[in-house]
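Heads up: the structure comes next, in structure tokens.
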Amino acid sequence: MDFSDYRVGEPVADTKAPDGPVADRWDRRRFEAKLVNPANRRKHTVIVVGTGLAGGSAGATLAEQGYHVVQFCFQDSPRRAHSIAAQGGINAAKNYRNDGDSVHRLFYDTVKGGDFRARESNVHRLAEVSVQIIDQCVAQGVPFAREYGGLLDTRSFGGVQVSRTFYARGQTGQQLLLGAYQALSRQIDAGNVELHARTEMLDLIVVDGRARGIVARDLVSGEISVHLGDAVVLATGGYGNVFYLSTNAKGSNATAIWRAHRKGAYFANPCFTQIHPTCIPRSGEHQSKLTLMSESLRNDGRIWVPKAAGDTRAPADIPEDERDYYLERIYPAFGNLVPRDIASRAAKNVCDEGRGVGPGGQGVYLDFADAIARMGRAAVEEKYGNLFEMYERITAEDPYSRPMRIYPAVHYTMGGLWVDYDLQTTVPGLFAIGEANFSDHGANRLGASALMQGLADGYFVLPATINDYLARGPHDPVPAAHPAVQDAVSGVEERLGRLLAVGGDRTPDSFHRELGELMWDECGMARTESGLRKALERIPALRDEFWRRVKVPGTGEEFNQSLEKANRVADFLELAELMCLDALHRAESCGGHFREESQTPDGEALRDDERFSYAAAWEFTAAGAAPVLHKEELVFEYVHPTQRSYA
Amino acid sequence: MNLTLRIWRQHSPEDKGAMVTYRVEDISPDMSFLEMLDVLNEELILSGEEPVAFDHDCREGICGACGVVINGQAHGPERTTACQLHMRSFKDGDTIDVEPWRAAAFPVVRDLVVDRSAFDRVIQAGGYVSVPTGSAPEAHATAVPKESADYAFEHAECIGCGACVAACPNGSAMLFTSAKINHLNVLPQGAPERETRVLNMVAAMDGQGFGGCTNTGECATACPKGIPLPSIAAMNREYLRALRKR
Amino acid sequence: MGKKAVMAGTGVVMLLFLVVHMLGNLKIFFGPENFNAYAAWLRTIGEPVLHESWYLWIQRTGLLACVVLHGVAAYQLSRRDLAARPAKYVHKQSRASYATRTMRWGGVIVGLFIVWHILDLTTLTVNPRGQAGHPYENVVADFRVWWVDVVYIVAILALGLHIRHGFWSAAQTLGAVNKRRDRALKTTATVLAAVLTAGFLVVPVAVMSGLVD
Ligand SMILES: Cc1cc2nc3c(=O)[nH]c(=O)nc-3n(C[C@H](O)[C@H](O)[C@H](O)COP(=O)(O)OP(=O)(O)OC[C@H]3O[C@@H](n4cnc5c(N)ncnc54)[C@H](O)[C@@H]3O)c2cc1C
Ligand code: HEM
Ligand code: HEM
Ligand code: SF4
Ligand code: F3S
Ligand code: FES
């Protein structure tokens, strides 16, 4: 049977979300959830994999509550998690600007921005909690930008008409992560968190149907170890690196969630990837990753291309009336601030028309000339200085005097492990938070909402819902000799051994690059049935070749970055197939998922709510074998699905 | 560009290690320094040698993972991180020396990778505000003068890369520690723990085997985030103030 | 870090002494009476509250304590600092100034000089003339000997460098530096070092050139 001959199984339902008025559901759930007596919390060990915004905040909070936390990250320090790279900001419905914002509006914007593929109850909770996040972070000393009066400044981001994005120059993720890292450090010092840095989770241990631990590899010594507990939380981030070139950190990987998927956790909406419109175009073959220019630049920068195809004049030589400010033209209400999927596709369209600029015509201009004339160079520098510097460093062009060139790039994955309202996956005791879950963003995430979601999950949601699971014990200790534990360990050892034994003639990176190119071409910004079918044919062959020809030098008992890399690529090679299948089966366009067959006459994404108003949760059967699709029907009681319009 | 690289190779912490010479060809000036090392590593793998180990992650100059000493300078000739250093800073035919951070507190793990966990332990000693989740007051309850907020931010920018320690002839972590202390101590939120923070963090810093500061100033010159030298004076001020108040 | 503050504090005290000492030395240009009277006056400071020379002994005790504390702290800190950086870079490239890099050896030179200098002009043990109560003549006798000149000149230059870095360094250690004051303090350090170097240097030079006889 072919991989694409998937079967449709029983629907999957979120049984944890209370019904009733959406604004009361979170309160009700918190009240109804069982609690663990403070004196008993020490006896529970919670394993948290990941120290990004989601994992860092969760680890700190669970430890503060009294649980014994054992935490992991593959970097040398928890402070280096990929979240550190987030630039633009974090949303919160504080309405400090008195511009009509409210929890309900943030809820509304997010459901609409996600193109009606997210759960209302989750999104409303996210909007409610957003307010507390800002309070918490400010109290931790996060140095958000402030006005002269000493109060917090905000800016506006794509897809919304209010100014609700809090920021710390272009380094918001860094500052929020340091806040969480510091809170975590405090708990490490207090002995409540046992941290294992440079330690990578390689498998999940499931005992009697419940997640009870992980198998991990010490990346320095190569030692394989077992860690057991009462619950496992995956906060391991997104899998955008399946495309090889993305804005994600080089180490970002899918291993943790993919291993969990193989052990029974459903994987939801894997094809929902976000392509960010404002990245620095690639400069050559050697490119190892792409760099994002924060979306906040669209606040003041104007995007344009020449009106005529093939116009190669320098930007300054192109007169005003021969420029096409295409976003302002097509979407007058939102202009340069349309959501990401729309801005990205529009850029692709003008480049496809031959009007792109820069090497290979793969770029559009982001011009600050007007902003500099209006606000003065100093003000622009104050707001975006570090981004401009970064741009200049990478491209050797001065963005103050010459418009930036930008192009879309893979940035974020809305898909991930399926979780219920409690953030629990289909494996009891296994929770997924942050970008690792199929988050609250539906088919498209609004700018500055990932940080919000990661921190909401970690600081406020998980610590409230995990109690319910832990309180419903008993969680009898698992002996290390348990067959499930031993199987997981030998599985990991066997797999690493196989990677080392191939001794082929291609580097892990060469496979990763090839996979990435294939995915970008066939499962990237625009997808077609024939392209996806082609990819589905090619991926198993590539995987096969990988296991025959990969070359991993060294041994498993030492610091071996090639082995780490190869192991991650092996998982990407499996996940990629599921992404393509998901993209193929969803024969509609929605948010970041654009099927060329499904568009309006003027080229906008055309949803098919009749057939696809569900989250697709895939169940693993066997490697390379057709998975089972479980649909979670989406119900919209408050925000009624309409054709998304930003015109 | 064609380049000669002399790279520190050290298999394990116990190994003695030595500089080894490699040649790379057809390097584009648009490559980052790490991309150039990627090219070398792919060649090494294919020729059956072990690739050069180096730390990196974001490749955007923000995670602080990367960091090597290039021609005797931490992060190389420009004020930025190794991942954001581009090959156009070098000339065709150059010989480039690449070494790991050198400091007793940062033992070499392998090749160019060192163990910087001592930094984490300095933060654990007090580099935080004790505010358990959920106990925070409304964010606007305390206005923070823009000047203080900016000052805090300027110091909070530290990425914990360790270049300051690597550049310092005494292997001192003063700049790193001062960055965190100044970030938190200037804010009203950090005030209640102002004295204990500086005393405990300085004690931890000394306890981790970092050297003392003789005000050489190499750290601030090497810092990719531009943490200024007077930050160390500000920390000293906080320290002496805390001693007086204790 | 406490030791560092001790070094800075004692350094500053010694520095103050040196400023006064230099001014006193310059009285040599007003002739033997003036200079010798000044030296005699030094011994009467604080009278009648203090007995003769008491003040001088208080000052000497203070200075001795400073030198010892300063030296011991320097030694202990240097040992720790060297241990904190056991491996050197193969490719050496220092961006620090000469003054900064010579603090340790400069300090040692100054320290040795102080011992010599006291044996020379205070206890008069090694002075070519060695007549108590006649410092003017002792000094002139000294600087007529070429190698004594060399010893003094080397020491004074070392001192100048030591102060050039030391003054700003002490300000940094004691927390007096901030972004606004940084420049001013650095300039002060340079000026101070230059004035002290010049002020001390003119004496041997004047004797050698016959200006003071
Ligand atoms: C360049 C860039 C800019 C962005 N800007 C914004 C923005 O302005 N606003 C916004 O809202 N969002 C932004 N985002 C998105 C946002 O940063 C991420 O979605 C978010 O930070 C993810 O956080 P996380 O905690 O889920 O995961 P991460 O921060 O990715 O953390 C993953 C953690 O898991 C660990 N880990 C992973 N795999 C393993 C394993 N197998 N074993 C052990 N540990 C493992 C890692 O060590 C790490 O600690 C941006 C993203 C990028 C790429
Ligand atoms: C009259 C004599 C001296 C004066 C005025 C003086 C002054 C100073 C000052 C102001 C400092 C700066 C302290 C700081 O960094 O905070 C300093 C540092 C130092 N001194 Fe001296 N000092 C003198 C003699 C000596 C002697 C005798 C020694 C050696 C035994 C010495 C060795 C050092 C060393 C090693 C340092 C630290 C180096 C550094 O901070 O870079 N000094 N001195
Ligand atoms: C040209 C240069 C100098 C001259 C002519 C000079 C002269 C003298 C004289 C005459 C005395 C004896 C004073 C007395 O006992 O009445 C003296 C004491 C002393 N000098 Fe100098 N000096 C010079 C430079 C220095 C320098 C560079 C230093 C320090 C680094 C120094 C440190 C001292 C000290 C510590 C004493 C002892 C003070 C005491 O006994 O109370 N001198 N000097
Ligand atoms: S102070 Fe500068 S050099 Fe030191 S760790 Fe921080 S960013 Fe790196
Ligand atoms: S280089 Fe070292 S000596 Fe002090 S000023 Fe910087 S820590
Ligand atoms: S790789 Fe992150 S700072 Fe260089």
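Quick note on labels: first sequence line is chain A, next is B, and so on, each numbered from 1.
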Checklist outcome for this item: If one checks every heavy atom of A:E389 against chain B at 4.5 Å, the contacting part turns out to be neither
Item to check | Verdict with supporting geometry, A:K94 and B:E138, salt bridge (charged side-chain N to carboxylate O under 4.0 Å, His left out) | outcome: CA-CA 10 Å; A:K94 280 285 198 188; B:E138 153 62 36; 3.0 Å; yes
Checklist entry - How close do B:K180 and A:L178 get, heavy atom to heavy atom, and via which atoms? => result NZ-CD1, 4.3 Å
Checklist outcome for this item: So, the part of A:L152 with a heavy atom under 4.5 Å from chain B: the answer is both
Item to check | Interchain contact, B:R88 with chain A, by part (heavy-atom threshold 4.5 Å) | outcome: side chain
Item to check | Residue B:F54 versus chain A: region with a heavy atom under 4.5 Å | outcome: backbone
Item to check | Residue B:V109 versus chain A: region with a heavy atom under 4.5 Å | outcome: side chain
Checklist entry - Checking heavy atoms, do the side chain of B:E147, its backbone, both or neither come under 4.5 Å from chain A? => result neither
Next on the checklist: Counting heavy-atom pairs closer than 4.5 Å to chain A, which one of B:D115, B:D120, B:I27 comes out on top?
Outcome noted: B:D120
Checklist outcome for this item: Ranking A:L195, A:V138, A:V131 by heavy-atom pairs under 4.5 Å to chain B gives rank one to A:V138
Next on the checklist: Let's test your reading of the structure: which of A:T61, A:D189, A:T507, A:D135 forms the most heavy-atom pairs below 4.5 Å with chain B?
Outcome noted: A:D135
Checklist entry - If you count heavy-atom pairs under 4.5 Å between each of B:D38, B:T142, B:L187, B:V113 and chain A, which one has the most? => result B:V113
Checklist entry - Salt bridge or not for B:K146 and A:E382, using N-O below 4.0 Å? => result yes
Checklist entry - Checking A:S83 against chain B: side chain, backbone, both or neither under 4.5 Å from a heavy atom? => result neither
Checklist outcome for this item: Comparing A:V552, A:I134, A:I394 against chain B, the one with the most heavy-atom pairs below 4.5 Å turns out to be A:I394
Item to check | chain B contact via A:Q65 - side chain, backbone, both or neither, heavy atoms under 4.5 Å | outcome: neither
Next on the checklist: When you compare the side chain of A:P463 with that of B:T133, does any pair of heavy atoms fall below 4.5 Å?
Outcome noted: no
Item to check | Portion of A:Q140 that has a non-hydrogen atom of chain B nearer than 4.5 angstrom | outcome: both
Item to check | Heavy-atom contact with chain B under 4.5 Å, split by part of A:I188 | outcome: side chain
Checklist outcome for this item: Whatever's closer than 4.5 Å to a heavy atom in chain B on A:L455 counts as neither
Item to check | Heavy-atom proximity to chain B below 4.5 Å, by part of A:A396 | outcome: both
Checklist entry - For B:V122, is it the side chain, the backbone, both, or neither that has a heavy atom closer than 4.5 Å to a heavy atom of chain A? => result neither
Item to check | Shortest non-hydrogen separation from A:Y181 to B:F119 and the atoms involved | outcome: OH-O, 4.5 Å
Checklist entry - Checking heavy atoms, do the side chain of B:R110, its backbone, both or neither come under 4.5 Å from chain A? => result side chain
Checklist entry - Looking at side-chain heavy atoms only, is the closest gap between B:E50 and A:E558 below 4.5 Å? => result yes
Item to check | Portion of B:H56 that has a non-hydrogen atom of chain A nearer than 4.5 angstrom | outcome: side chain
Next on the checklist: Tell me which of these, A:N560, A:D505, A:L151, A:L292, has more heavy-atom pairs under 4.5 Å with chain B than the rest.
Outcome noted: A:L151
Item to check | chain B contact via A:A197 - side chain, backbone, both or neither, heavy atoms under 4.5 Å | outcome: neither
Next on the checklist: I want to check something: taking the side chain as every heavy atom from C-beta on, are A:Q75 and B:C63 in contact at a cut-off of under 4.5 Å?
Outcome noted: no
Next on the checklist: Testing the basics here: between A:Q174 and B:I159, what is the closest heavy-atom pair and its distance to 0.1 Å?
Outcome noted: NE2-CG2, 3.6 Å
Checklist entry - Non-hydrogen atoms of chain A under 4.5 Å away: do they reach the side chain of B:S117, the backbone, both or neither? => result neither
Item to check | Part of A:S77 lying under 4.5 Å from any heavy atom of chain B | outcome: both
Checklist entry - Do NZ/NE/NH1/NH2 and the carboxylate oxygens of A:D76 and B:R116 come within less than 4.0 Å? => result yes
Item to check | B:H155, part contacting chain A, at a heavy-atom distance under 4.5 Å | outcome: neither
Item to check | Salt bridge A:R186-B:E193, side-chain N to carboxylate O under 4.0 Å | outcome: no
Checklist entry - So, A:K289 and B:E35, do they make that salt bridge, N to O below 4.0 Å? => result no
Checklist outcome for this item: Honestly, the part of A:Q136 sitting under 4.5 Å from a heavy atom of chain B is both
Checklist entry - Any salt bridge between A:R198 and B:D55, counting N to O under 4.0 Å? => result yes
